[in-house]
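Take a look at the structure below.
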Amino acid sequence: MQSKTGDLQEVERYAKHAIKNGADAIVSLPPPGVADEKLLLEYYQKVGRMTELPLIVQTQENMSVDLVVQIFKTVPNFRHVKDEANIGGGALQRITEIRKRTNDEVKVFSGQGVRTMITEMELGFLRSLSHRGPGGCVRSRV
């Protein structure tokens with residue numbers, strides 16, 4: 001499940017649909033145009049309360065490691081991040097800090113494709129989740 005609009009009613013509708021259809025987790029992008037980390041934290045807290053399914057936060061743009069850690073501390077079902085933020089050197093530079101500051105309880109997915117997959121796996125990424133265009137994502141596990 002993934003909503004690109006950030007509309008909480010739509011997100012809740014998708015979450016209920018995911019539960020009804022046996023989804024293993026939900027993925028949520030940040031709402032478009034929102035950069036304030038306090039508002040992003042509140043958004044993910046609301047999304048996390050919509051379901052007991054594991055929440056995968058898909059970071060974008062300038063979402064900081066501090067924000068990822070705050071989501072971890074306040075959203076019980078958040079245990080995975082698809083880290084695509086470009087702040088702090090990008091995912092390859094951020095994974096060590098995310099893992100350390102969450103006691104390795106937040107598992108990190110990559111979305112960079114095969115260009116950096118071997119390095120990602122060496123650093124401890126759980127999987128690579130790359131968008132392949134219409135129809136979904138490709139999952140890889142090494």
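Just so we're clear, the structure is a prediction, and the values are computed from it rather than from any experiment. Computation of the quantities below employed the complete heavy-atom set of this structure, encompassing side-chain atoms and omitting hydrogens, waters and symmetry-equivalent molecules.
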* To do: Go through the steps for M50 and L55 under the test side chain to side chain contact (heavy atoms under 4.5 Å, CB included), then give the verdict.
  => CA-CA 10 Å; M50 291 178 185; L55 172 61; over 6 Å; no

* To do: Check the pair V27, K82 against side chain to side chain contact (heavy atoms under 4.5 Å, CB included), reporting the backbone distance first and the verdict last.
  => CA-CA 9 Å; V27 177; K82 183 178 180 192; 5.6 Å; no

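Summarising the geometry, atom CG belonging to L41 is positioned 6.5 Å from atom CG belonging to L67; distances are rounded to the nearest 0.5 Å. The distance from the CD atom of E10 to the NE2 atom of H17 is 12.0 Å, given to the nearest 0.5 Å. To the nearest 0.5 Å, the span separating CD on E12 from NZ on K46 amounts to 11.5 Å. T102 contributes atom OG1, which lies 10.5 Å from atom CD of E97 (distance to the nearest 0.5 angstrom). Atom CZ of R101 and atom OG1 of T96 lie 13.0 Å apart (nearest 0.5 Å). The line from CD1 of I56 to CG of D83 is 13.0 Å long, rounded to the nearest 0.5 Å.
Taking both residues in full, the closest heavy atoms of L53 and N77 are given as O-ND2, 2.8 Å, listed atom of the first, atom of the second, then distance. A pairwise comparison of heavy atoms in K38 and D36 identifies N-OD1, 2.8 Å as the closest pair. The minimum heavy-atom distance linking Y44 with V75 is given by the pair O-CG2, 3.9 Å.
The backbone N or O of E84 sits less than 3.5 Å from a side-chain atom of T59, completing a donor-acceptor pair. No donor-acceptor distance shorter than 3.5 angstrom exists from the side chain of N103 to the backbone of E105, with no hydrogens or angles considered.
Residues Q60 and P30 meet the side-chain proximity criterion, which asks for heavy atoms closer than 4.5 Å.
Just one residue in the list V65, D66, I71 forms a side chain to side chain contact (heavy atoms under 4.5 Å, CB included) with V69, and that residue is V65.
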